[in-house]
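Written out below as structure tokens is the structure these notes cover.
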Amino acid sequence: MVTGMKHHIRNLTSLLLVTATVNACPDIFLDAVATVESSNKPYAIGDHGKACGLFQMHKDAWEQVSHSRSQKGLEVWSYASAFDPKVSRIYASDYLDWMTNSIRSKTGANPSAAQVYAGYNQGLSGLAHCRYDVNLTPNHTVLACNKIDRLTQGLILKP
């Protein structure tokens, strides 16, 4: 009985880890990013052909998420799945969670949705170059961050 119970608890713990990982990014934030990035068009292609799907992810970011998911034992998909709304949402959520945690660890504060979006748009090193200040990013990013802020009602991303 005890051996069976340990196995059941291990499976439940794994399920909770997967659920927490997949659903950590708030839906309001994901919806706002899809609106800003692609006007909610799953087959959008942008950045001179380098970004695709609802969330306009670049292949390098997609591969980073795939690597992270693989290490956690989670399902991974090829970059061709960036056009699949469900899969791209999972990948965007994972990437935005990573960005949120990275900004939090660098600044010591919970970032706003606009700040995380600025990192998503400019890359973490690009945002770091701007001292994590959205207002110091290029004008097109500032405008997009303002839209993210409006759509998420000033959301602060907490652990």
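Note that the coordinates shown come from a computational prediction; the quantities given were computed from them, not determined experimentally. Atoms considered below: every heavy atom in the structure, side chains included; atoms not considered: hydrogens, waters and symmetry mates.
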Separation of [Y] [atom2] from [X] [atom1] (nearest 0.5 Å):
X	Y	atom1	atom2	value
Thr137	Asn121	OG1	CG	7.5 Å
Gln64	Ser68	CD	OG	7.5 Å
Thr152	Asp27	OG1	CG	13.0 Å
Leu157	Ser112	CG	OG	7.5 Å
Arg131	Leu136	CZ	CG	5.0 Å
Asn40	Asp31	CG	CG	7.5 Å

**Message:** Which residues pass the side chain to side chain contact (heavy atoms under 4.5 Å, CB included) test with Asn110, not counting sequence neighbours?
**Reply:**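 So Asn110 forms a side chain to side chain contact (heavy atoms under 4.5 Å, CB included) with Arg104, Ile156, Lys158, Pro159.
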
Can you see which heavy atom on [X] is nearest to which on [Y], and at what distance?
X	Y	value
Ser66	Val76	O-CG1, 3.2 Å
Gly46	Gln56	N-OE1, 3.0 Å
Tyr120	Phe55	OH-O, 2.5 Å
Val134	Gln115	CG2-CA, 3.6 Å
Ala114	Cys145	O-SG, 3.3 Å
Ala82	Cys52	CB-SG, 3.6 Å

So if you build clusters from Ile, Leu, Val, Met, Phe, Trp, Tyr with side-chain heavy-atom gaps below 4.5 Å, do [X] and [Y] land together?
X	Y	result
Leu54	Trp77	yes
Ile28	Leu151	yes
Tyr91	Leu96	yes
Tyr79	Tyr95	yes

[X] versus [Y]: any side-chain heavy-atom pair under 4.5 Å?
X	Y	answer
Val65	Met57	yes
Asn135	Val142	yes
Leu127	Lys106	no
Trp62	Val87	yes
Pro111	Met99	no

**Prompt:** Going through the checks in order, is the side chain to side chain contact (heavy atoms under 4.5 Å, CB included) test met by Tyr117 and Asp149?
**Reply:** CA-CA 10 Å; Tyr117 175 77; Asp149 222 13; over 6 Å; no

**Item:** Ser39 (side chain) donor-acceptor with Lys41 (main chain) under 3.5 angstrom
**Value:**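 Checked: no pair found.
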
**Donor-acceptor pair, side chain of Gln122 and main chain of Thr141, under 3.5 angstrom** = no

**Request:** Fit a plane to each ring of Phe83 and Tyr43, take the angle between them on a 0 to 90° scale, and name the class: parallel (under 30°), tilted (30 to 60°) or perpendicular (over 60°).
**Result:** parallel

**Request:** Salt-bridge test for Lys50 and Asp60: reply yes if a basic N is under 4.0 Å from a carboxylate O, no otherwise.
**Result:** no

**Request:** Mind running side chain to side chain contact (heavy atoms under 4.5 Å, CB included) on Arg89 and Lys86 for me, showing each step along the way?
**Result:** CA-CA 5 Å; Arg89 189 174 185 91; Lys86 290 178 184 174; 5.9 Å; no

**Fill in**
Residue pairs passing the ring pair (Phe, Tyr, Trp, His ring centres under 6.0 Å) test with at least one member in residues 123-146, sequence neighbours excluded, are none

